[in-house]
Amino acid sequence: MPPETRARTFPKVVIMRDTDSEQSSSDDEQEEEHILEQEEDEQVVSKVKDEEASTSTKRKNERVPITISLKKKCKVCKGTGHEAGFKGATYIDCPMKPCFLCKMPGHTTMSCPHKVATEHGVVPAHRKHSNSSLGYVFERQLKSHIPAVSSILLYLTLIKPEFVIPDQVNCAVIRYHSRRVTCLEFHPTNNNILLSGDKKGQLGIWDFEKIHEKTVYENIHGCILNNMKFNPANDGTVYGASSDGTVSCTDLETGISLSLMNLNPDGWQGPTTWKMLYGMDINTERGVALIADNFGYLHMVDMRSNQVIGEPILVHKKGSKVVGLHCNPLQPDLLMSCGNDHFARLWDMRQLKAGSSLCNLAHKRVVNSAYFSPQSGSKILTTCQDNRIRVWDSIFGNLDSPSREIVHSHDFNRHLTPFRAEWDPKDPSESLVVIGRYISENYNGAALHPVDFIDISTGQLLAEVMDPNITTISPVNKIHPRDDILATGSSRSIFIWRPKDHFETAEPMEENKIVICGGTPGKKQKSKFGESDDDSDNDKFTKKSKKAKSKKPYSKSASSSYKK
DNA sequence: AAGTTATGGCTCC
DNA sequence: TGGAGCCCCTAACT
């Protein structure tokens with residue numbers, strides 16, 4: 001499928017704004033004065049209009065002293081002469097602050113070299129070939145697992161497959177959850193089932209083919225469901241790690257849940273003692289669930305006996321949150337953790353004790369996620385709050401510094417679920433990655449937050465998918481393990497995306513399927529999504545859009561923009 | 001319909 | 001090492 005070029009409309013707008021803001025922000029004093037004068041003029045005209053039109057001629061001469069107090073004041077730096085904030089759908093940065101995107105001083109987001117980048121800013125690798133301790137420990141074992149795979153992978157990396165980007169919303173459940181979505185997981189064997197967790201601790205199960213088949217289990221956790229994982233031995237149950245300090249094992253059919261671990265048996269004793277669980281993964285070989293808390297500790301639960309194993313192990317700075325755990329897909333004894341101490345760390349499960357990490361990957365800020373590549377397990381992908389995605393091309397190479405740093409806007413507002421770059425598990429070249437974008441784009445006058453597809457071998461932005469109906473930020477994304485499907489969690493809603501092809505080749509003008517759930521309809525969503533809100537009451541949870549017309553926004557134009 | 005709130009991390013002392 | 005105060009693109013509620 002030939003890649004499309006990006007719609008020209010909004011970069012144009014951006015560039016014009018860009019020029020404006022550049023002038024006002026970076027010119028020398030002389031010019032600045034001139035600009036201020038202009039601004040004052042504008043202000044005065046309106047002021048004069050408002051006040052006394054009759055004396056306007058007389059006032060004209062007194063303009064300068066009056067208007068000084070009317071100068072634009074920046075709400076960010078409180079300085080004068082410029083203003084930060086939205087101008088329509090375009091956000092104008094405060095020029096006194098470092099770039100909001102790349103964090104470097106001297107320019108704003110608008111003029112950032114990493115913005116509107118077909119190639120995001122990429123720091124190239126220094127390719128030293130030193131052997132890490134990890135190499136010694138795991139290389140032989142791991143490599144013996146994948147001799148054929150690795151050579152094929154090398155080949156495929158050189159000859160990249162055509163990426164298939166799910167760029168159009170196929171169906172959605174609006175206001176499905178009562179709080180923002182925190183995690184998504186596709187069912188390991190049933191292609192149509194998507195699980196979702198939310199900030200309240202609820203677990204949603206949705207069959208997105210039979211879109212009305214959806215359930216929410218409300219009583220499994222008391223607050224944020226941070227991570228979910230399926231038990232490979234039994235895909236009828238799912239494990240959950242929650243900020244309520246418990247690990248759950250839930251039967252998907254019945255919703256009956258076991259609590260495998262409770263770190264707060266004595267209830268609430270204040271914030272200094274309350275334990276929360278974040279990172280989680282399953283070590284299949286050992287039959288254990290690994291869970292990490294907000295005090296820096298790793299816990300283990302035996303999945304057969306449902307008993308806690310051993311004592312918690314300090315894996316990150318004491319008192320810091322461990323937000324991510326991942327077992328290597330080919331060598332489950334190789335574990336990676338990441339957290340608020342600005343590190344991602346590699347561990348050997350066979351000798352797991354405080355301070356015994358094989359390797360520590362330094363980051364500038366909190367690491368939201370750290371994943372091994374899904375097929376060979378030999379690459380590492382991390383998402384850090386310094387607005388950079390980091391890639392290590394080989395765990396056997398030099399791990400002192402990443403192979404690439406890709407600048408990408410995901411430095412998140414505290415009220416959002418942390419962004420995590422996620423691999424496409426189907427991509428044999430292990431280079432396609434999806435991540436939601438925090439910063440908005442002016443898209444035909446609307447500020448939208450796209451979901452980005454990035455080629456992490458080059459840093460290239462392959463596609464940015466968006467939909468005029470999704471006005472909220474989409475921090476949670478997951479690519480289907482077998483189908484060309486993207487699932488997005490945005491605020492309380494969930495969206496399923498498929499490639500344009502799907503709509504063209506499927507039965508003509510396939511109906512888009514939108515289910516609107518209960519709760520007070522948000523203003524925005526009401527107008528954007530509903531044909532009307534009326535009949536949502538009869539079918540207290542569900543609603544289906546009836547006409548292709550009403551889904552116009554979904555059917556063309558706005559969904560995607562490819563870059564070559 | 002402006003104001004409120006839930007919140008996390010960073011910086012500064 | 002701990003707490004107060006700050007913070008730039010939230011979203012949903014009153």
Side-chain angles (χ1 to χ4, degrees), chain A residues 14 17 21 25 73-79 82-103 105 107-110 112 115 174-182 198-201 222-224 226 243 270-272 274 276 278 294-296 316-323 339-342 363-368 384-387 408-419 436-443 446-450 466 470-476 489-493 517-529:
Chain A
V14 165
R17 301 271 193 197
S21 75
S25 61
K73 191 170 177 186
C74 175
K75 65 176 182 186
V76 174
C77 73
K78 318 292 192 264
H82 64 273
E83 275 180 310
F86 274 104
K87 286 250 156 63
T90 308
Y91 192 91
I92 309 297
D93 278 359
C94 170
M96 309 309 282
K97 295 271 181 171
C99 172
F100 188 61
L101 176 57
C102 76
K103 312 297 180 197
H107 64 271
T108 62
T109 306
M110 286 305 197
C112 178
K115 171 127 164 80
I174 307 303
R175 277 177 261 122
Y176 182 28
H177 284 272
S178 55
R179 290 285 181 269
R180 52 163 225 249
V181 171
T182 53
D198 74 16
K199 200 180 146 246
K200 232 181 164 182
C223 59
I224 316 180
N226 289 304
S243 287
T272 51
W274 184 259
M276 302 189 264
Y278 285 85
N294 60 328
F295 286 87
H316 279 261
K317 184 181 170 187
K318 199 166 191 173
S320 76
K321 205 190 272 181
V322 183
V323 292
N340 281 24
D341 65 354
H342 302 191
H363 291 68
K364 297 242 170 60
R365 284 182 61 195
V366 167
V367 188
N368 291 345
C384 176
Q385 289 184 17
D386 69 354
N387 268 357
H408 179 265
S409 172
H410 52 258
D411 174 19
F412 69 107
N413 179 298
R414 62 173 169 245
H415 308 110
L416 299 175
T417 303
F419 290 81
R437 197 191 303 173
Y438 181 50
I439 207 164
S440 61
E441 289 287 356
N442 181 343
Y443 187 80
L448 300 179
H449 308 265
M466 65 190 94
I470 307 176
T471 55
T472 47
I473 293 169
S474 306
V476 192
S490 190
S491 187
R492 299 157 55 184
S493 306
C517 293
T520 316
K523 238 195 272 172
K524 275 183 197 164
Q525 290 180 331
K526 188 178 184 177
S527 61
K528 301 267 182 182
F529 280 96

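What you are looking at is a predicted structure, and each value in this text was computed from that prediction instead of being measured. Residue numbering restarts at 1 for every chain, and letters A, B, ... go by the order of the sequence lines.
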Discussion item. Once you apply a heavy-atom cut-off of 4.0 Å, does A/I439 come out as touching a base, just sugar-phosphate, or nothing?
Written reply: base

Worksheet item: B/dG9 phosphate, OP1 or OP2: any side-chain N/O from A/H342 under 4.0 angstrom?
Response: no

Discussion item. Does a side-chain N or O of A/R180 approach OP1 or OP2 of C/dC13 to a distance below 4.0 Å, or not?
Written reply: no

In whole angstrom, give the distance that lies between atom [atom1] of [X] and atom [atom2] of [N].
X: A/L416; N: C/dA11; atom1: CG; atom2: P; result: 6 Å
X: A/D341; N: C/dT1; atom1: CG; atom2: P; result: 14 Å
X: A/N387; N: B/dC10; atom1: CG; atom2: P; result: 13 Å
X: A/I224; N: B/dG8; atom1: CD1; atom2: P; result: 6 Å
X: A/D198; N: C/dA11; atom1: CG; atom2: P; result: 16 Å
X: A/E83; N: C/dC9; atom1: CD; atom2: C1'; result: 16 Å
X: A/K103; N: B/dG9; atom1: NZ; atom2: C1'; result: 12 Å
X: A/H177; N: C/dA11; atom1: NE2; atom2: P; result: 17 Å

Practice prompt. For A/H415 and C/dA11, say yes or no: do the ring centres fall under 5.5 Å of each other while the ring planes differ by less than 30°?
Written response: no

Practice prompt. Measure from the side-chain heavy atoms of A/R365 and tell me the nearest of B/dG9, C/dC9, C/dC13.
Written response: B/dG9

Discussion item. Of the options C/dT10, C/dA12, B/dC10, whose atoms approach the side-chain atoms of A/I473 most closely?
Written reply: C/dT10

Does [X] reach the main-chain N or O of [Y] with its side chain, forming a donor-acceptor pair under 3.5 Å?
X: A/S474; Y: A/H449; value: no
X: A/S491; Y: A/T472; value: no
X: A/D93; Y: A/T108; value: no

Worksheet item: Within 45° of the ring axis of A/F100 and under 6.0 Å from its six-membered ring centre, is that where the NZ or CZ of A/K103 lies?
Response: yes

With the criterion being N/O to N/O and under 3.5 Å, what pairs connect the protein with nucleotides 11-13 of chain B, and how long is each?
none

Of all the heavy-atom pairs spanning [X] and [Y], show the shortest one and how long it is.
X: A/C112; Y: A/H107; result: CA-CD2, 3.4 Å
X: A/T90; Y: A/M110; result: CG2-CE, 2.8 Å
X: A/Y438; Y: A/N413; result: OH-CB, 3.0 Å

Worksheet item: Once each nucleotide of nucleotides 3-8 of chain C is scored for protein heavy atoms under 4.0 Å, what B/S/- sequence comes out, 5' to 3'?
Response: ----BB

Worksheet, complete the sentence: Closest to the 5' end of DNA chain B, once A/K199 and A/V323 are matched to their nearest nucleotides, is A/K199

Discussion item. Using side-chain contact (heavy atoms from CB on, under 4.5 Å), reason through A/V366 and A/H342 one step at a time and then give a plain yes or no.
Written reply: CA-CA 5 Å; A/V366 167; A/H342 302 191; 4.3 Å; yes

Fill in: Nearest-angstrom distance, C1' atom, C/dC9 to B/dT11
22 Å

Worksheet item: With under 30° as parallel and over 60° as perpendicular, where do the rings of A/F419 and A/H410 fit, or are they tilted in between?
Response: tilted

Worksheet item: Out of A/K75, A/K78, A/H82, which one pairs with A/C94 under the side-chain contact (heavy atoms from CB on, under 4.5 Å) rule?
Response: A/H82

